[in-house]
Amino acid sequence: PRLIGHYHSHPDGTPNPSATDAAAAEPDGRLWLIVGARDWRLWRSVAKGAVHGRFDAVECNIAGSPQLASRGRLS
């Protein structure tokens, strides 16, 4: 098995990386799935990312739900 990423939640907030997330993330290209209060988003940790200098958004389609792109809604 190979580790490809991490996940965690911001249960009272948005699915965007925080400054704390950025400080903890290595620029190793791994994926970060962040679940917010109502939706989720996928990110990649990189050396000079657009968000906090560490994360770039990643396009993600869920099998069977092509309308769910890089941002998904939770029911």
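Hydrogens, waters and symmetry mates play no part in the numbers below; they use all other heavy atoms, side chains included.
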Item to complete: Over all heavy atoms of both residues, which pair between Pro15 and Ile34 is shortest? Give the atoms and the distance, please.
Response: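 Minimum heavy-atom separation between Pro15 and Ile34: CB-O, 3.2 Å.
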
When every non-hydrogen atom of Asp56 is compared with those of Gly49, the smallest separation belongs to OD1-CA, 3.4 Å

Hydrophobic cluster membership, [X] vs [Y], 4.5 Å side-chain cutoff:
X	Y	result
Leu31	Trp40	yes
Tyr7	Phe55	no
Val46	Trp32	no

Those residues at least two apart in sequence (or on a different chain) that pass side chain to side chain donor-acceptor pair (under 3.5 Å) with His10 are His8, Asp21

Side-chain heavy atoms of Trp43 within contact of Asn16, under 4.5 Å:
yes

- Message: For the CG atom on Leu3, are there more than 12 heavy atoms of other groups (residues, nucleotides or ligands in this structure) within a distance under 6.0 Å?
- Response: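 It does: Leu3 CG has more than 12 such atoms within range.
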
If only atom types and distance count, is the side chain of Arg54 paired as donor or acceptor with the main-chain N or O of Ser45 below 3.5 Å? no

